[in-house]
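In what follows, every chain begins at residue 1, and chains take the letters A, B, ... in the order their sequences are listed. Small disclaimer: the values here were computed from a predicted structure and weren't measured.
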2 protein chains.
Amino acid sequence: MSESVYKTSKHRTALLEILRTTKTHPTAAWLYERLKERFPDLSQGTVYRNLSILAELGLVRVLRSGKTFDRFDADVTPHDHMVCERCGRVDDAGISATPAGEQEAARATGYLVTSRRLDYYGICPDCQRSGDR
Amino acid sequence: MSESVYKTSKHRTALLEILRTTKTHPTAAWLYERLKERFPDLSQGTVYRNLSILAELGLVRVLRSGKTFDRFDADVTPHDHMVCERCGRVDDAGISATPAGEQEAARATGYLVTSRRLDYYGICPDCQRSGDR
DNA sequence: TTAATTGCAAACGGTTTGCCACGTT
DNA sequence: AACGTGGCAAACCGTTTGCAATTAA
């Protein structure tokens with residue numbers, strides 16, 4: 001996990017491919033199921049290992065969401081997220097709004113700010129429709 | 001955990017008190033240690049149970065941070081956070097910046113936005129000082 | 001050949017939960 | 001008496017890791 005020179009691997013390549021053609025910010029479990037279709041004797045460890053390598057390479061973003069499990073995003077350009085508090089779904093919120101307060105916050109706290117994450121929480125259209133509760 | 005009418009409890013009261021007089025956004029483990037000083041035969045379950053009750057009552061905010069464990073905040077007014085990527089420390093970022101993009105994002109995605117969380121990531125002053133790596 | 005990759009299964013670690021005794025109302 | 005609360009320990013569950021076999025370079 002230190003100075004490795006990563007070799008290419010079918011699994012990792014396929015994993016990234018799936019991630020890039022998926023807009024739903026999948027969980028590791030979902031990716032595992034999806035990838036297992038192509039590699040029947042795939043193990044969870046492989047998925048987790050490769051996700052962390054992809055994240056290390058900056059090819060994937062880890063969204064540690066409000067729920068207990070992580071979600072992953074192959075779109076590493078800065079953008080915000082909408083998190084549904086009912087069903088846990090995560091959508092893109094479009095272009096990231098004002099980094100306005102960033103400099104101010106950095107100055108006030110003395111932090112060296114390298115990135116930021118903005119998540120909106122609410123109810124997704126589907127859950128609004130299927131009303132109740 | 002549904003329609004309970006909570007009774008007062010020394011443990012819960014003390015927990016909230018500690019939380020309110022602490023600016024460091026403690027972890028459950030830290031709170032457990034702290035509270036154990038006052039209640040020597042305290043168990044972890046009690047801390048977790050009470051934290052979740054306090055959260056349910058809106059008296060505490062759960063900051064599911066970039067790290068693997070949660071942090072808790074008794075300041076439930078809207079404000080953002082600075083997360084140190086080196087040591088995991090979490091500070092307040094001061095007054096929350098304008099929710100400028102919020103309406104736009106809500107309109108674009110169809111979400112009913114109820115709240116948002118803005119976290120800045122970077123290096124805290126201490127870690128900047130103790131340089132290296 | 002050499003080091004990265006994988007499957008497997010056990011381990012990890014923070015959090016949750018079932019059980020029963022105790023405390024509050 | 002009725003029911004929330006707490007201690008204890010086991011269970012949970014997403015994730016990590018050690019190991020031996022496999023595979024890419």
Side-chain angles (χ1 to χ4, degrees), chain A residues 1-19 25-57 59-73 83 88 90, chain B residues 1-19 25-57 59-73 83 88 90:
Chain A
M1 196 197 277
S2 46
E3 301 288 321
S4 307
V5 178
Y6 299 115
K7 302 176 180 174
T8 59
S9 110
K10 303 173 194 172
H11 300 73
R12 190 153 62 240
T13 305
L15 180 60
L16 183 56
E17 191 184 312
I18 292 175
L19 216 29
H25 309 286
T27 62
W30 188 91
L31 289 165
Y32 168 70
E33 289 304 332
R34 204 82 175 62
L35 199 57
K36 198 183 178 77
E37 294 169 8
R38 240 185 277 185
F39 304 93
D41 45 7
L42 175 71
S43 79
Q44 302 217 60
T46 299
V47 173
Y48 283 108
R49 270 187 287 242
N50 280 320
L51 281 172
S52 97
I53 290 177
L54 290 174
E56 183 190 335
L57 296 177
L59 298 174
V60 152
R61 222 189 347 165
V62 182
L63 306 179
R64 219 165 285 266
S65 74
K67 300 288 179 175
T68 44
F69 38 74
D70 292 346
R71 287 172 177 275
F72 301 90
D73 191 348
V83 180
V90 180
Chain B
M1 194 195 279
S2 46
E3 301 287 323
S4 307
V5 179
Y6 300 115
K7 302 176 180 173
T8 60
S9 107
K10 304 172 191 172
H11 301 74
R12 189 153 64 239
T13 306
L15 181 60
L16 183 55
E17 191 184 312
I18 292 175
L19 217 28
H25 309 285
T27 62
W30 187 91
L31 288 166
Y32 168 70
E33 289 304 332
R34 204 82 174 63
L35 199 57
K36 197 183 177 77
E37 294 170 7
R38 238 184 279 183
F39 304 92
D41 45 7
L42 176 71
S43 78
Q44 303 217 59
T46 299
V47 173
Y48 282 109
R49 268 186 288 242
N50 280 320
L51 281 171
S52 98
I53 291 175
L54 289 174
E56 182 192 336
L57 296 178
L59 298 174
V60 153
R61 234 210 311 186
V62 181
L63 305 180
R64 218 165 286 264
S65 74
K67 301 289 178 175
T68 45
F69 37 73
D70 294 345
R71 287 171 177 276
F72 302 89
D73 191 349
V83 180
V90 179

Within the structure, does a side-chain N or O atom of [X] lie under 4.0 Å from either OP1 or OP2 of [N]?
{"X": "B/Tyr48", "N": "C/dT15", "value": "yes"}
{"X": "A/Thr46", "N": "C/dC8", "value": "no"}
{"X": "B/His11", "N": "D/dG7", "value": "yes"}
{"X": "B/Ser9", "N": "D/dG6", "value": "yes"}

Upstream residue (5' side of DNA chain C) when A/Arg49 and B/Lys7 are each assigned their closest nucleotide
A/Arg49
Using heavy atoms to find the nearest nucleotide of DNA chain C for B/Ala29 and A/Thr8 separately, return the residue whose nucleotide is more 5′.
A/Thr8
For [X] and [N], give me the distance from atom [atom1] to atom [atom2], rounded to whole Å.
{"X": "A/Leu42", "N": "C/dA9", "atom1": "CG", "atom2": "C1'", "result": "15 Å"}
{"X": "A/Phe39", "N": "C/dT6", "atom1": "CZ", "atom2": "P", "result": "9 Å"}
{"X": "A/Leu54", "N": "C/dA4", "atom1": "CG", "atom2": "C1'", "result": "15 Å"}
{"X": "B/Gln44", "N": "C/dG14", "atom1": "CD", "atom2": "C1'", "result": "9 Å"}
{"X": "B/Asp41", "N": "C/dC22", "atom1": "CG", "atom2": "C1'", "result": "12 Å"}
{"X": "B/Lys36", "N": "D/dC8", "atom1": "NZ", "atom2": "C1'", "result": "11 Å"}
{"X": "A/Arg12", "N": "C/dT6", "atom1": "CZ", "atom2": "P", "result": "6 Å"}
{"X": "B/Tyr6", "N": "D/dC3", "atom1": "OH", "atom2": "C1'", "result": "13 Å"}

The answer to which of B/Gly45 and B/Lys10 contacts DNA chain D further toward the 5' end, by nearest nucleotide, is B/Lys10
How close do B/Ala14 and B/Phe39 get, counting heavy atoms only, and between which atoms?
CB-CE1, 3.9 Å
Could you check if a side-chain atom of [X] sits within less than 4.5 angstrom of a side-chain atom of [Y], using non-hydrogen atoms only?
{"X": "A/Leu51", "Y": "A/Leu19", "result": "yes"}
{"X": "B/Leu57", "Y": "B/Tyr6", "result": "yes"}
{"X": "A/Trp30", "Y": "A/Ile18", "result": "yes"}
{"X": "A/Arg49", "Y": "A/His11", "result": "no"}

